[in-house]
Number of protein chains: 2
Amino acid sequence: MSANNQPHPVDGARSGESAGAPDPSRSTLAGVAKRAGVSVSTASIAFSGIGSIATATRDRVLQAAAELRYFGPDPRARSLRQGRSGIVGVVLEDRVIHSFRDPMTIAVLDGISQELGNENGGLLLLTSTGIGESSIQSAVFDAAVFLGCSPRLTRSIEVMRQRNVPMVAIEAQHFDGVLSVALDNREASTRLAQHVYDLGHREVAVVALPMDALRQLRPLTDEIVADATTAVSMDRLAGAREVYAGLGGYVAANSSSDDGFAAGLLLLGGADVAGGAGGSGGAVGAGAGAGAGSSRRGRPTAIIAQSDLLAVGVIRAAESLGLRVPADLTVVGFDGARIEGLSDHDLTTMVQPATEKGRAAGRAVTELLAGGHPPDVHFACTLHPGTTAAPPPTAPPTARPTSPVPTST
Amino acid sequence: MSANNQPHPVDGARSGESAGAPDPSRSTLAGVAKRAGVSVSTASIAFSGIGSIATATRDRVLQAAAELRYFGPDPRARSLRQGRSGIVGVVLEDRVIHSFRDPMTIAVLDGISQELGNENGGLLLLTSTGIGESSIQSAVFDAAVFLGCSPRLTRSIEVMRQRNVPMVAIEAQHFDGVLSVALDNREASTRLAQHVYDLGHREVAVVALPMDALRQLRPLTDEIVADATTAVSMDRLAGAREVYAGLGGYVAANSSSDDGFAAGLLLLGGADVAGGAGGSGGAVGAGAGAGAGSSRRGRPTAIIAQSDLLAVGVIRAAESLGLRVPADLTVVGFDGARIEGLSDHDLTTMVQPATEKGRAAGRAVTELLAGGHPPDVHFACTLHPGTTAAPPPTAPPTARPTSPVPTST
DNA sequence: CTGTTAGCGCCTTCAC
DNA sequence: GTGAAGGCGCTAACAG
């Protein structure tokens with residue numbers, strides 16, 4: 001009889017604990033209660049403070065606890081019983097290292113943690129590695145925040161929903177039952193492109209953020225766009241294409257200045273060099289339908305980078321080729337990351353409230369956990385004019401058509 | 001009778017769940033078993049795969065689960081029963097934002113996550129906010145990694161020890177029962193200082209990493225050193241002082257180029273300006289005992305920054321004052337962070353294997369959880385000569401005493 | 001103010 | 001290959 005359970009078979013069994021049995025059944029609330037001569041529930045109250053208890057009794061309990069070196073309830077048991085662990089899961093799209101290298105991600109994480117204030121227990125970092133997804137389904141947390149995640153999470157989301165785990169998605173596509181915190185990526189991108197257009201640029205290329213799981217620097221093709229799964233880059237591209245229809249360029253492997261540099265070289269040197277460091281095909285200049293004006297597909301006079309990191313790389317590439325920014329080349333970014341080391345440049349970019357996004361997500365989580373039904377949140381970007389955008393070298397300085405350029409396709 | 005427990009009082013009670021009761025007692029393994037016409041234990045086997053089960057039976061169970069939208073065991077219950085949650089806690093000294101801005105911390109985190117591979121469940125980020133410490137004591141995790149933490153964690157460590165939670169400390173002081181992963185900070189720092197010395201520098205100042213909880217840029221005083229709680233900065237200082245006895249300078253508020261910049265201005269402009277932007281007292285030059293050679297406490301000819309970020313800031317400060325690096329000023333860092341945007345400079349620094357540190361910690365955690373007793377780990381730094389260190393403008397190029405300079409105190 | 005009682009959801013030894 | 005039961009450690013109703 002009596003199925004003897006030993007959930008902690010580590011000690012005696014495995015390792016050769018040399019010291020004299022430091023764990024003859026780890027002290028438990030029951031043990032403390034017994035030693036203090038009270039019932040477990042009373043002891044529980046002594047620790048949680050929930051319910052009333054005589055000071056004397058509590059002292060007795062606490063002293064017994066001290067003697068037994070009992071420091072408080074086991075978090076695991078507590079979380080089972082209460083149905084709450086205090087942990088908020090943050091699901092990152094990428095390997096941790098990539099996420100951490102992106103100042104926007106970091107800002108968002110900081111915002112979340114600001115609002116959650118670690119009184120909740122902490123942030124559990126998870127990654128959606130695609131296959132398996134196991135960790136996200138088997139991890140202990142009360143609420144989940146998805147950070148720019150792809151639709152492959154569908155199943156995990158279903159599981160969470162079934163478990164009544166509130167979910168918030170930042171910059172992801174819409175999922176039913178998942179609160180959305182997002183940016184006006186498309187509109188902002190249009191505004192930025194319009195800014196470039198108004199300066200007179202007609203030969204323009206884009207360096208886009210990754211659009212799918214395949215992390216590789218390559219020319220932006222229709223297939224890639226068609227199969228894209230990343231909302232942010234898609235929206236930013238769509239926005240720019242409202243001004244520059246058919247805008248072409250490169251897709252980066254990730255948001256890094258190294259990738260921006262490589263793409264920049266391809267775009268700026270590639271026109272002549274043809275087949276530089278990896279990109280096989282074309283996709284330079286204003287791509288398919290170069291807007292009104294010169295249809296000559298020469299070197300672009302402006303490059304729209306979908307992130308500031310990429311933009312920084314592009315600027316470096318330009319300078320390494322002897323081009324001056326913005327005199328010879330206009331470069332604009334996106335994010336407002338305030339990347340240091342840009343020498344004298346003040347990057348022209350769309351500033352997004354990254355930390356605020358995180359804070360909003362954190363607040364939403366709090367409300368959801370309290371049973372509320374907060375609404376979706378939208379943020380707007382603001383144009384930072386900066387000093388890296390100027391009229392093209394040879395263009396008419398005052399062209400100002402505000403309507404989209406028609407596609408030539 | 002029958003104390004009716006409802007650990008999840010959220011639904012009906014609080015929020016006005018309008019939809020038709022999506023959670024009439026969330027599906028559980030017992031429910032699945034009943035529906036499949038088997039016992040719970042059999043159903044459990046169907047999910048865990050541990051134990052033998054007829055294929056037909058398993059299919060029946062899985063189908064029943066699908067029908068009930070049961071997606072697998074509840075992580076909370078599982079973790080209580082098994083005594084394992086799969087979560088590894090990472091305790092950061094600072095607010096998340098500070099940690100995330102430090103490339104070394106990020107590299108370490110990446111190393112940890114590489115080795116833990118998220119099959120374990122994920123990294124739980126916790127911060128040692130000093131007061132309370134509650135979150136670390138009440139959070140669910142199986143093992144803890146402390147990242148450069150101060151001794152204020154003593155109590156939390158005691159709790160973890162009592163709970164049999166394996167602990168690994170990276171770059172922290174020694175704690176009993178906590179596996180240590182560390183760097184030869186002191187020795188490396190000495191080597192770097194010697195390098196500077198060998199170049200002929202005698203007027204030297206340090207920009208130190210924070211030494212205690214008070215995050216504020218201020219002159220390095222004896223009190224600060226005496227009360228220091230951060231092992232890394234202490235060790236690096238001690239190492240440098242073996243070459244430059246009594247080395248003085250500033251303590252930064254955190255490892256950032258902004259702080260480096262501010263400290264740089266104080267050190268380089270401060271000698272004349274006296275009381276520039278906040279630092280009241282002296283602490284410039286080679287401090288108390290300016291080493292052999294000129295005892296004139298003028299502007300330093302070399303600045304030893306305790307991190308690359310700080311060094312970058314110092315370089316910017318120097319250049320903003322019209323000083324050329326390294327012709328007019330030698331600047332050395334520590335870390336090997338490869339910070340971008342340093343223009344043409346290649347920072348002279350001690351390169352530390354940060355990712356490796358994280359990996360080692362991750363591996364140690366794995367072994368400890370498996371019941372092993374892995375040893376402490378030590379890593380060495382390598383000097384990267386770089387291009388930001390050169391002989392001082394007016395110094396004899398070939399001074400080469402290898403023994404420490406005696407203190408004048 | 002304290003004790004009793006009934007599980008949270010699952011796993012696991014033991015018997016069949 | 002499957003079923004039956006005990007309990008991980010704790011908390012929340014209720015009764016006294």
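Protein chains get the first letters and strands the later ones, always in sequence-line order, with residue 1 at the start of each.
For B/I53, the side-chain atoms get nearest to D/dT2 when compared with the rest of D/dT2, D/dG1, C/dC11. Distance from the side chain of A/T28 is smallest to D/dC10 among D/dC10, D/dT2, C/dT2. Residue A/S41 places its side chain closer to C/dT4 than to any other of C/dG9, C/dT4, D/dT11.
Distances shorter than 4.0 Å separate none of the side-chain N or O atoms of B/S44 from OP1 or OP2 on C/dC10. Contact check, A/S39 against C/dT4: no side-chain N or O comes under 4.0 Å of OP1 or OP2. OP1 and OP2 of D/dC10 both lie 4.0 Å or more from every side-chain N or O belonging to A/R76. A close approach under 4.0 Å does occur between a side-chain nitrogen or oxygen of A/T57 and OP1 or OP2 of C/dT2.
Rounded to a whole Å, the CD1 atom of B/I50 is 16 Å from the P atom of D/dG1. The separation between B/I45 atom CD1 and C/dC11 atom P is 10 Å, rounded to whole Å. Separating the CD atom of A/Q82 from the C1' atom of D/dA13 is a distance of 15 Å, rounded to the nearest angstrom. In this structure, B/R60 places its CZ atom 12 Å from C1' of D/dG1, rounding to the nearest Å. Summarising the geometry, the separation between CZ on A/R81 and P on D/dT11 is reported as 9 Å, rounded to the nearest angstrom. When rounded to the nearest whole Å, the span between CG of A/L29 and C1' of D/dG7 equals 16 Å. Between A/K34 atom NZ and C/dT2 atom P there is a gap of 20 Å when expressed in whole angstrom units. At whole-Å resolution of the value, CG in B/L80 and P in C/dC10 are 12 Å apart.
Taking every heavy atom of both residues into account, A/A139 and A/L124 meet most closely at CB-CD2, 3.9 Å.
Taking the side chain as every heavy atom from C-beta outward, A/P374 and A/L368 approach each other to under 4.5 Å. Side-chain contact between A/V32 and A/V61 is present, with at least one heavy-atom pair separated by less than 4.5 Å. Using a 4.5 Å cut-off on side-chain heavy atoms (C-beta onward), A/I136 and A/F146 make contact.
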Name the atoms and distances for all side-chain donor-acceptor pairs under 3.5 Å in residues 47-60 of chain A, with sequence neighbours left out.
| from | atom 1 | to | atom 2 | distance (Å) |
| --- | --- | --- | --- | --- |
| A/S48 | OG | A/S44 | O | 3.2 |
| A/S48 | OG | A/I50 | N | 3.1 |
| A/R60 | NH1 | A/A36 | O | 2.7 |

Compile the donor-acceptor pairs under 3.5 Å between side chains in residues 165-175 of chain B and protein atoms, sequence neighbours left out, one pair per line.
| from | atom 1 | to | atom 2 | distance (Å) |
| --- | --- | --- | --- | --- |
| B/E171 | OE1 | B/N185 | ND2 | 2.7 |
| B/E171 | OE2 | B/K357 | NZ | 3.0 |
| B/H174 | NE2 | B/D176 | OD1 | 3.4 |

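In this structure, B/R163 does not pair ionically with B/D142, as no charged nitrogen and carboxylate oxygen lie closer than 4.0 Å.
Within 4.0 Å of B/V38, counting heavy atoms only, lie sugar-phosphate atoms of the nucleic acid but no base atom. Backbone-only engagement by A/Y70 is indicated by non-hydrogen atom pairs under 4.0 Å involving sugar-phosphate atoms exclusively. Among the protein residues, A/S48 comes within range of no part of the nucleic acid, since none of its heavy atoms lies under 4.0 Å from any strand.
Direction change of the helix axis from one end of the helix from C/dC1-D/dG16 to C/dC16-D/dG1 to the other is 30°, with five pairs defining each end axis (rounded to 10°).
Proximity of a side-chain donor or acceptor of A/Q162 to a complementary backbone N or O of B/R69 within less than 3.5 Å is detected.
Nucleotides of DNA chain D nearest to B/T55 and B/A77 differ in position, and the one nearer the 5' end is that of B/T55.
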